[in-house]
Amino acid sequence: MPNDHSAPPPFSAPYAPDDRAIADGLLRTARLDSAAERRVDHVATRLIEAIRANDDPLGGVEDMLREFALSTKEGLALMVLAEALLRVPDARTADEFIEDKLGQGDFVHHETRSSAFLVNASAWALGMSARVIQPGETPQGTIGRLTKRLGAPAVRAATRQAMRLMGSHFVLGETIEAALARAQSQASQHRRYSFDMLGEGARTAADATRYFFSYASAIAAIGRTAGKTPLPDRPGISVKLSALHPRFEAVSHARVMTELVPRLIELAQQARAHNLNFTVDAEEADRLELSLDVIAAAFRDSSLAGWDGFGLAIQAYQKRAGAVIGYVDDLVRRLNRRMMIRLVKGAYWDTEIKRAQERGLDGYPVFTRKAMTDLNYVACARQLLALRPRLFPQFATHNALTVATLLELAGGEGGFEFQRLHGMGEALYAKLAEDRPGIACRTYAPVGSHRDLLAYMVRRLLENGANSAFVALAADEAVPVAELLRRPADIVGGADHAAHANIPLPRNLFRPQRINSRGLEFGERAALDQLISAIAAEPTFASENAADATPAQASAAISAAREGFRKWSRTSAATRAAALDRAADLLEQRTAHFIALLQREGGKTLDDALSEIREAVDFCRYYAAGGREQFGDGEAMPGPTGESNLLRLRGRGVFVAISPWNFPLAIFTGQVAAALMAGNTVVAKPAEQTPMIAAEAVRLLHEAGVPASALHLVQGDGRIGAALVAYPDIAGVVFTGSSEVARSINRTLAAKDGPIVPLIAETGGINAMIVDATALPEQVADDVVTSAFRSAGQRCSALRLLFLQDDVADRMIEMIAGAARELRIGEPADPSTHIGPVIDTEARQRLDAHIARMKIDAKAHYAGIAPPGNYVAPHIFELSDAGQLTEEIFGPVLHVVRYRANRLGDVLRSIERSGYGLTLGIHSRIDDMVEDVIDRLAVGNIYVNRNMIGAVVGVQPFGGQGLSGTGPKAGGPHYLARFATEQTVTVNTAAAGGNAALLAGGE
Ligand SMILES: Cc1cc2nc3c(=O)[nH]c(=O)nc-3n(C[C@H](O)[C@H](O)[C@H](O)COP(=O)(O)OP(=O)(O)OC[C@H]3O[C@@H](n4cnc5c(N)ncnc54)[C@H](O)[C@@H]3O)c2cc1C
């Protein structure tokens, strides 16, 4: 091992800083002198002209994208088809899928516009109907007729063939041997290669091992044919860390370091033995710090000393790119070694933007304007060029202006290389080789079977088809060359325009209505560490308000709430809303305090606790905003002249709010906030398992300005709840919990004389997910594991019953079980824990009993092992019939049922038969199928191609139907009104003598 002094301090840089500050620096250094700018124009123009003149007889992807642009229905349908068709094993689903996608576009008229081979090949499959089509026919009709004429197998085979062809455009070979042979046949052009073994990231230990061996055997094969030239003129391999570990995530840091670093060292040693270029690809921003820790630890290994082939990719769209270069340079200096650095712009921009929005971050880790990425790319390139020869820059781009600028900056031909992706940038680099034969270019060459290439191919299609992408613009003759020569600095304009005007900051996503709740990126070590220390510093709690109430206290609370109603209901909506907004702010300020409480009393993991606080914050702000709108001055109704008609909402009286332990803060706060906003006073009874959280929430609401007379807390178990509900003069009940208790509340209310009061009940469900053969197994595994096992399955939305199409069931079950095996169960305060305890011993015993029963009645696919305590490990059982599951099992137990592709109707019937209708998941690429299921099933929340938990306030209003609840949905636009009464006030404005307003109107 190297000496410790060779270890640099861990990488640290602001995760998502303000764009403006960065732009200032970038704009200051962006300009070259005018002679240099002219040279850049000249070179770039030559390259662009070469791209445009390219008439490769084999066609390029550019041709195809011009033909089926992603902004068209056809382009999108083609992309979805490309993403999934080749993995569908059964003919029936493949046919349905093809029909669904081809039905979405008008491929027919594309057939003859281009002579390029690729276009023709795709069009032949997708639009071969042109040869048989009659004027006036619809594409759907054509497919039907085609199928009749040629037979479904022929249409299917042709379409699959076209997809393969598209794939082979981007992939050098299906195996490393085939790829090497193809590379060697092109060796006359003196190309350097970096091979990449395709595949999705590992979800299971078996995946990670398979990828490891696939890299290892590729290195051996590449080494055998590598020849004798020295580095950098050697072939290479690119590896993805996410392929080598099933939990490559920041919270699993310790485990990743122990398990992944030795694997990476082993692969690097093998690469070293052949003196190859060994590059670690760059992945998502939240994994950057973890990646650098892994890379530094591997790179420092003394067995790699003296070898210059180790490298990594750095993404210039990330705001931290410059800091990463500084970090790597420091590392290399300390060890007196060299590294190869591939500078890319970055391939996951859309994912980064979405993740930052979902997580409620203060900013984006990536730029939001493409010109900023381009500017930063050049700035990073300068930094790298200045660090030669310690760092060997590898500029990966297909942008002619970027290439021309780098040539100008490099000031010579040595000490760096360009890189391109196989299937892209061919004409550009052919021209460059002609003009500047001394400049080296390496091709990144993906290797893999058809099934493995799909996700990669879609990335490339997106990259080529994006409106902002250079390759798309360069291919479009309608875009003048001068437009392509516009400098990023001119496009940005000034620092004030550095951020995209139409991409709001995550915090402003819901503006002007409200601000988004603040979240945190666990991939930012500084933020995570700070939060963890703040949580650890929270004292152990003992709340004086957590003791059970006596019946007399409960009665007193009801009377006091009745007293309080007069004043609170007359408090203006603006004042009530302001108190809720203040409560939201206070919750955000006390995040650490509430996380500590949620962990200690509710057994919540860090991720769950943070999400729950965010949900509570969102409830407060959402109902405040809705309340201002709905409970303000009232809504004027139309009517005849001479009178005014105003519809107003007002509070009903005393609301009893009964909430469960599984969201002891969010549901508790949501119910209370809505009832208060509507002008009611509230007697809240939280679950007996989580009294302290409720007590703290009430204290906070009081502090925020809700008068003590308006909100009363009554602790206790179900008996106290039943007593509260039975009081004669309560005005409504809001309840979340089991169907059984909801029914009993309903009966109590119905038995009372006096006004009939509303019951808003949110109850459970036997939630299903349907997965067909077009779904992506890795995505299904992620979403199933999250939906079924997160929060130890203690969410009412959690997945209980998974229907898998039998053609793909074995593979899916294997992957889901393998992914479940990688979850860590344990102490919730440990950030690496994925599954905490269940709520109490009673819950554990009930679950253990169910598991024991299932072990006899069903086939166990996975039975996890739980540590001692109230832990229940994930279990996966296969049932022969969905009817075997008759009740909601509130824990990490997943039940799987297989279905045949032609028996989807049976699946839907069995979901209907349960009588519940809370959440439903669908994983399919067949839109028709998805729409049919949505139409058919009365389910409150349906999630397509994603997980089915974690509804966001105001985004996915939440609540079920049938046995699952009464509605209206929590966090939805109709919720508040249910807590209110309506009042219409009609005033005869002409009563005092005549209709003055009408008469004054004139002509
Ligand atoms: C050899 C090679 C290896 C690669 N390895 C990796 C890797 O390890 N990791 C990785 O992530 N990518 C990798 N890539 C992919 C690479 O990121 C893209 O191919 C590259 O971004 C395209 O850049 P360009 O200069 O060719 O295109 P251009 O069209 O000039 O630029 C496209 C870039 O702009 C970004 N962009 C688009 N819109 C915006 C916006 N509104 N705001 C900010 N940025 C925007 C895109 O995300 C993309 O990064 C690699 C590419 C090559 C050629």
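Counting starts at 1 for both ligands and their atoms, following the listed order. Side chains are part of it too, since the values below use all heavy atoms of this structure and drop only hydrogens, waters and symmetry mates. Computed from a prediction, not measured in an experiment: that's the story for all the values here.
At a threshold of 4.0 Å, the pair Glu289-Arg525 counts as salt-bridged, since one of the basic side-chain nitrogens sits closer than that to a carboxylate oxygen. Classification of Arg28 and Asp24 as a salt-bridged pair fails, no side-chain N sitting under 4.0 Å from a carboxylate O. The pair Arg337-Asp308 fails the salt-bridge criterion, with no side-chain N (NZ, NE, NH1 or NH2) lying under 4.0 Å from an Asp/Glu carboxylate O. Using a 4.0 Å cut-off between a side-chain N of Lys or Arg and a carboxylate O of Asp or Glu, Glu408 and Arg38 do not qualify as a salt bridge.
At least one N/O-N/O distance between Phe367 and ligand 1 falls below 3.5 Å. Considering backbone and side-chain N/O of His500, none are found under 3.5 Å from N/O of ligand 1. Polar contact with ligand 1: present for Arg342 (N/O pair, distance under 3.5 Å). Ligand 1 has no N or O atom lying under 3.5 Å from any N or O atom of Arg420, backbone or side chain. Checking only distances, Arg460 never comes within under 3.5 Å of ligand 1, N or O to N or O. Among the atoms of Ala347, some N or O lies under 3.5 angstrom from an N or O of ligand 1.
Within ligand 1, counting atoms from 1 as listed, the ones closer than 4.0 Å to a heavy atom of Ala396 are 1 (C), 2 (C), 52 (C), 53 (C). The ligand atoms of ligand 1 that sit less than 4.0 angstrom from a heavy atom of Ala313 are 8 (O). Those atoms of ligand 1 with a heavy atom of Tyr348 less than 4.0 angstrom away are 11 (O). Ligand 1 places these atoms under 4.0 Å from at least one heavy atom of Gln419: 1 (C), 53 (C). Heavy-atom proximity to Asp281, at under 4.0 Å, picks out these atoms of ligand 1: 8 (O). Each of the following atoms of ligand 1 lies closer than 4.0 Å to a heavy atom of Ala469: 29 (O). Interface atoms of ligand 1 facing Thr368, defined by a heavy-atom separation under 4.0 Å, are 40 (C), 41 (N), 42 (N), 43 (C). The distance from ligand 1 to the heavy atoms of Ser468 drops below 4.0 Å at these ligand atoms: 37 (C), 38 (N).
The protein atom (non-hydrogen) at minimum distance from atom 4 (C) of ligand 1 is Val344 CG1, 3.5 Å. With respect to atom 26 (O) of ligand 1, the closest heavy atom belonging to the protein is His398 N, 2.7 Å. Among protein heavy atoms, the minimum distance from atom 49 (O) of ligand 1 is reached at Gly346 O, 2.6 Å. In terms of protein heavy-atom proximity, atom 8 (O) of ligand 1 is closest to Ala282 N, 3.0 Å. Closest to atom 25 (O) of ligand 1 among all protein heavy atoms lies Thr397 OG1, 2.6 Å. The protein heavy atom nearest to atom 31 (O) of ligand 1 is Lys370 CE, 3.1 Å. Nearest protein heavy-atom contact of atom 44 (N) of ligand 1 is Thr373 OG1, 2.7 Å. Protein heavy atom at the shortest distance from atom 29 (O) of ligand 1 is Phe470 N, 2.6 Å.
When only modelled atom types and interatomic distance are considered, Tyr364 and Gln357 share a side-chain donor-acceptor pair under 3.5 Å.
The distance between the ring centers of Phe299 and Phe310 falls below 6.0 angstrom.
Residue-level proximity to ligand 1 for Arg442 is absent, since no heavy atom of it falls below 4.0 angstrom.
Taking CE from Met339 and CG from Leu331, the interatomic distance works out to 5.0 Å, rounded to the nearest 0.5 Å. In this structure, CZ in Arg272 is found 12.0 Å from CG in Leu276, a value given to the nearest 0.5 Å.
A heavy-atom separation below 4.0 Å is found between Arg369 and ligand 1. For the ligand labelled ligand 1, residue Thr402 lies outside the 4.0 Å heavy-atom shell.
Taking the six-membered ring where the residue is Trp, Tyr429 and Phe418 present tilted rings, their angle falling between 30° and 60°. Relative ring orientation between Tyr456 and Tyr444 is described as parallel, the plane-to-plane angle staying below 30° on a 0-90° scale split at 30° and 60°.
By heavy-atom distance, the residue among Asp196, Asn399, Leu401 lying nearest atom 30 (O) of ligand 1 is Asn399.
For the pair Lys240 and Tyr215, the minimum side-chain heavy-atom distance is below 4.5 Å. Residues Pro246 and Asp207 are not in side-chain contact: their nearest non-hydrogen atoms beyond the backbone lie 4.5 Å or more apart.
Note that Lys345 lies outside the cation-pi zone of Tyr317, set by a 6.0 Å cut-off to the ring centre and a 45° limit from the axis.
Around atom CZ of Arg20, no more than 12 heavy atoms belonging to other residues, nucleotides or ligands sit under 6.0 Å away.
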Worked verdict on Cys441 versus Arg420 for side-chain contact (heavy atoms from CB on, under 4.5 Å): CA-CA 7 Å; Cys441 176; Arg420 69 176 185 88; 4.2 Å; yes
